[in-house]
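Let me begin by presenting the structure, written as structure tokens, before commenting on it.
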Amino acid sequence: MKVLITGVSSVPGRLVAELLSRNGHQVMGIDRRPWPGAPSQIPVHRVDLRKRPAEDVFRTFRPEAVVHMATVSYLERSSDDLRHNNLGSTKKVFEYCHNHGAKKAIFVGRHTVYGAASDSPIYHFEDAPPMAGSLYPELADLVAADLYAGQALWRYPELDSVILRIVYELGPHRHSTLATFLEGPKIPTILGFDPLFQFMHEHDIARAIVSALDHSIRGVFNVAGPTPVPLSLLAHETGRTPISLPEVLFPFITGRFGFSRLPPAALDHIKYPILVDDRAFRKATKFAHSYDESDAMIGFRTGDAAKTTNKV
Amino acid sequence: MKVLITGVSSVPGRLVAELLSRNGHQVMGIDRRPWPGAPSQIPVHRVDLRKRPAEDVFRTFRPEAVVHMATVSYLERSSDDLRHNNLGSTKKVFEYCHNHGAKKAIFVGRHTVYGAASDSPIYHFEDAPPMAGSLYPELADLVAADLYAGQALWRYPELDSVILRIVYELGPHRHSTLATFLEGPKIPTILGFDPLFQFMHEHDIARAIVSALDHSIRGVFNVAGPTPVPLSLLAHETGRTPISLPEVLFPFITGRFGFSRLPPAALDHIKYPILVDDRAFRKATKFAHSYDESDAMIGFRTGDAAKTTNKV
Amino acid sequence: MVPVSDEMMKRVHALDLPFNRYGIDPYGIQASTLAEVFTVLSWLYYSYFRVHVSGLANVPSAGRSMLVGNHSGGWALDGIMTMTALFLEPEPPRLAQGMAERFIGRAPLIGQMAKAMGAIVGIPENATHLLEHERLLLVYPEGAKGTEKLYSERNSLVDFGTGFLRLALRTRTPIIPVAFVGGGEAIPTIFNLYKLARRLGVPYIPITPWGLAVPRPTTLQIYFGEPIWFEGDGNEEDVIILRWVNEVKEAIAKLISKGVEERHRIEINRTKATAKTPW
Amino acid sequence: MVPVSDEMMKRVHALDLPFNRYGIDPYGIQASTLAEVFTVLSWLYYSYFRVHVSGLANVPSAGRSMLVGNHSGGWALDGIMTMTALFLEPEPPRLAQGMAERFIGRAPLIGQMAKAMGAIVGIPENATHLLEHERLLLVYPEGAKGTEKLYSERNSLVDFGTGFLRLALRTRTPIIPVAFVGGGEAIPTIFNLYKLARRLGVPYIPITPWGLAVPRPTTLQIYFGEPIWFEGDGNEEDVIILRWVNEVKEAIAKLISKGVEERHRIEINRTKATAKTPW
């Protein structure tokens, strides 16, 4: 199958591209950033998704499936230029898919769209309202992109659209929203709160995306891996020192004194959990994670992709 | 037909309820606010849409169609409690529709979801990305509610969902987002900008919603009325005095010195137009507005609902 | 930290919960917290209070069930002691997971501990999720109005909500009525502070003859009634639901009456027992 | 405000635009602004410059068309004079609506005036909308690179974008090549300021031998070529599109050559004419 991957130069983008290529698919990538040392069988086009040259890639390659991974979250970037990137580029990708005969489009979204709030359900199902936009302005664009992608399900009935809301990524590449938070040696936590964090190993994320491609599914799906763990345990197991501080001190310490940086609006994310129920996805694709919570945390700590346990 | 109207106590809610009732439908209303002097044939239940008693109304009345008008925009309210009202209550309404056998659901949304930006298309079509959420945090919830409502189109195929994005309302009742802005005797405008405003008479809005009900349509539709007019003309014709001020002075004058109040994030709304193309709606429903731009502006100024022109 | 006995740890691991290698279950229940807290609670259960339990056989040893109880005492003493009874008495032990007020979600420390013990913010989504995962749910349909009862109202029932019954129907869960008697004697509320409470972010503060609502060491009685099954899909008319809710309410009221009736005899036994082990 | 002649107002109302009772069309074009601005422009057109127009019959009197031109002169003089020619010369007059740079959308005053004259921020959605409403579109596929041309490059063409051609195909619009000759003589750019320009938020500032880019009163020549129709849906491969773009480019180049060739003769005529009306 001919598969086009947007945002291919990101860590999960590369992993998905390599996995698909190993599985015998013909893979092409789009990204504004370079992928130095990309395998020769995976051509990468350095174009902006919202500009015409991106459509030319669709026009000439005519992919059967598109994996749209070119979404950014505010913890990674914050420049104004990128503020509307997700919604604008998502619109274009689905339009290109429709115009150029793609049969399947996978939007790789995040579980953070549900928002972290004290009174939200402990596990979110796919039909839960994605509250993050009004809770955190920085996430409004991501929520809109996710919901806009979902509209392709009725707007383009000929296209099998899949919206994945994937939990945090963690693993040896150390390049993700959660990895950024776990950067510093001291991890700030809020006194009296120890929320559960749901994450998966980067290789499992790539495998999950590939299963979404391999099975004939359409719709919105939560994607998760092993049992979530409390923030304090996450910090310990990744070799960091969790330090509990009263909430009022937070604005003064993040990003200083060896503490990880944290945008002010993200505070609720270390007070309240965001957990998703992934039964629908597992049922539809037979996906099972192969790295447990310990593998992911130790993988992140050691930078070693090997499994530490014998679980499958 | 049995029609349930949420947000029935709002001005457009009452107009739709009365129009439907006159057309021979059996109408029931839900609102947290009272409707003093409601016609006896339109029972109003004062319940919160997100609470159980609201579902009881669906359960016992078993409406065939639901018109969801209980959305608020930030220019009208701003308390924190209401911040998530739109998304949460929209989720519930569509869930109730699905659970209790409704055949049609109309979400009454706003054209402001597209956002006001200098480089956006002069006319937005229904597939344009609704940018307002990331531009104005206050609108993020409204955008999410609108897009979430759109998901019902594939989630509940048995339910004919219609998402209307209606332009500003203007008319003798003087109770709308635009009316609030036109409240003061002096209307602040930004020096060097005179954006087009698209609005319709309140009676035309009610008629448009009723046509969406009367025709078997589903999908997202922009709804507009007469030709848009520049802000300066709008101010003049409604008997106000437009006063052009350099943008930098704005934070100091709105809401004072006789100037209308305006939230800081709304500034772009008086710099750049938000216009929608409504051809799809007119084609699908044969809707034609009967009040032109002059009728709406003069109606607002005089408080008189009579048409001033002979246009139909 | 509290020194935990082997026996207590053994009971924790006998629970039918999918703990991971760190002793954490998918709802954030922590094996170590359970062991520590139940160590403290078992002292209260066995030594401070005299708890009389009846009808334990009505609680199934596995699978989803909904315990529906009356409120008794100015705060969650009823729920905590019911949880403790179900952890200490049956073989294997069971963890009853309580539906807490929303403020538990926001409260630092106490909220965190409640969650680590299995409490869940009381919204329908959470209750449904727990039941679908074959958990044992503990609900109080009287809500906060139930814990506000004064001493004189201690063995009465206020209005029941109906949400629990629709939930049981939707998830096909049996309802087990539970009566709690003695909470009113342990914490005899003479009045509630409301204004101060609002300022502190809680619904009310119960005041006892000795001021704060520290319970005195009285007899507590817990009666588990026979499971009640209702057939339906949860979308029934209110009038039907209300009839069924009243069936549950009457079952609890009957158990309460039984408890009130038996209370005198049980307390005499207690006096005899404590006469033997003076502390 | 500028005093407007009856003749000018008559021409404005002869335009095929759906003005409402306030003289405003759905794109915000204002009849009063058109009348005032064209009053000023007609003086420039007839009296300051000597404008020579050829091939007007190639511009249809109604319906969608895309005028595709070359840039000539350091700023929008080419577009403005082409608009003026089409407003003043044919019967009925036509309004050519220009696709402007994005900064027009943000710029106070000048941006507002451009919009009231029919200019539109140059994004594909806007162009499509105008064409679907049977408007006359004026595009410059050379983009900003075209207006940056120095005096020595004045009659050459830089690379064309391809967007306009796909747009014409998608909307089934004929392309009318337009050549503009003389802009380089009117505003002979000797170099462009880039650093200062960036600070002022514009792409560049052209500098002429007399400093600022105030045009001198020279001859301007506008040639409208025959409409070119392409058959397709706009999703053709790049190689095909590029071939067609080159066809358009060559048509324009041919018109430019013709203009350069004729320029001497036209200027002589001009000298004779101005000798008669000295000002």
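A, B, ... follow the sequence lines: proteins, then strands. Residue 1 opens every chain.
For residues 119-127 of chain B, heavy-atom neighbours of chain A at less than 4.5 Å comprise B/Glu126, B/Asp127, sorted by residue number.
Centroid-to-centroid, the aromatic rings of A/His269 and A/Tyr136 come within less than 6.0 Å. In this structure, the ring of B/Tyr156 has its center no less than 6.0 angstrom from the ring center of B/Phe94.
Panel note: side chain B/Arg50, backbone B/Lys91; no donor-acceptor pair is recorded below 3.5 Å. When atom types are taken as modelled, the side chain of A/Ser9 and the backbone of A/Arg33 share a donor-acceptor pair closer than 3.5 angstrom. The main-chain N or O of A/Ala224 is found under 3.5 Å from a side-chain atom of A/Arg282 such that the two form a donor-acceptor pair.
Ion pairing between B/Lys104 and B/Asp160 fails under the 4.0 Å rule for side-chain N and carboxylate O.
The part of A/Ala128 that comes within reach of chain B is its backbone (N, CA, C, O), which places non-hydrogen atoms under 4.5 angstrom from that chain. Neither the backbone nor the side chain of B/Ala145 comes within contact range of chain A, judged by heavy atoms closer than 4.5 Å.
To the nearest 0.5 Å, atom CD1 of residue A/Ile274 and atom CG of residue A/Asp268 are 9.0 Å apart.
Of the residues considered (A/Ala144, A/Gly133, A/Gly219, A/Pro129), A/Pro129 shows the highest number of contacts with chain B, using heavy-atom pairs under 4.5 Å.
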